[in-house]
Amino acid sequence: QLQASGGGLVQAGGSLRLACAASGSIFGVKVMAWYRQAPGKQREMVAAIASGGDTNYADSVKGRFLLSGDNAKNTMSLQMNSLKPEDTAIYYCYMRFVNGYWGQGTQVTVSS
């Protein structure tokens, strides 16, 4: 029910914007978040925003990534600036309503 888009290949220092949208008749999102998983590593939270607007970022992306969410439309985006090779991963969007839902993942590759 979540569709992610916007991944791709970019050089270090560049920018990408990821987007995620929930489909279907579902309301009352409580949390929107982006996670990522690099090869050989565990999935980690990148950024999350609660329905009240509180936003948290992983220390590694603070000041470079910006998460925006629209509770009414069940959409969110992740603006990623000053990308580094270590940001290379598959990025997954997540939304929690009564239950939690994951997007299919989108590959982000940052070349040095």
Report whether [X] and [Y] are members of the same hydrophobic cluster (ILVMFWY, side-chain heavy atoms less than 4.5 Å apart, transitive linking).
X	Y	value
Y94	I90	yes
V61	Y91	yes
L78	I49	yes
M45	Y92	yes
L16	L66	yes

**Request:** Given side chain to side chain donor-acceptor pair (under 3.5 Å), test T109 with Q107 step by step and report yes or no.
**Result:** CA-CA 6 Å; T109 302; Q107 177 71 48; 3.3 Å; yes
**Message:** Less than 4.5 Å apart, side chain to side chain, heavy atoms only: is that true for M95 and C20?
**Reply:** yes
**Prompt:** Are the side chains of S60 and E86 in touch, meaning some heavy atoms are under 4.5 Å apart?
**Reply:** no
Heavy atoms only: give me the nearest [X]-[Y] pair and the separation to one decimal.
X	Y	result
G7	V108	CA-CG2, 4.1 Å
T75	A21	CG2-CB, 3.9 Å
D70	M32	O-CE, 3.6 Å
V46	Y35	CG2-C, 3.9 Å
L67	Y57	N-OH, 2.9 Å
A22	F97	CB-CZ, 4.3 Å

Point-to-point distance, once rounded to the nearest 0.5 Å, from [atom1] of [X] to [atom2] of [Y]:
X	Y	atom1	atom2	value
L9	S111	CG	OG	5.0 Å
M80	R17	CE	CZ	10.5 Å
F65	L18	CZ	CG	8.0 Å
R36	T106	CZ	OG1	14.0 Å
F27	N71	CZ	CG	13.0 Å

**Asked** Any donor and acceptor pair, going by atom type alone, linking the side chain of S112 with main-chain N or O of V110 inside 3.5 Å?
**Response** no
**Asked** Hey, is the main chain of S82 close enough, under 3.5 Å, to the side chain of R64 for a donor-acceptor pair?
**Response** yes
**Prompt:** Just checking, is any N or O donor in the side chain of Q3 or S5 under 3.5 Å from an acceptor N or O on the other one?
**Reply:** no
**Message:** Looking at D87 and K84, is any side-chain nitrogen of the basic one under 4.0 Å from a carboxylate oxygen of the acidic one?
**Reply:** no
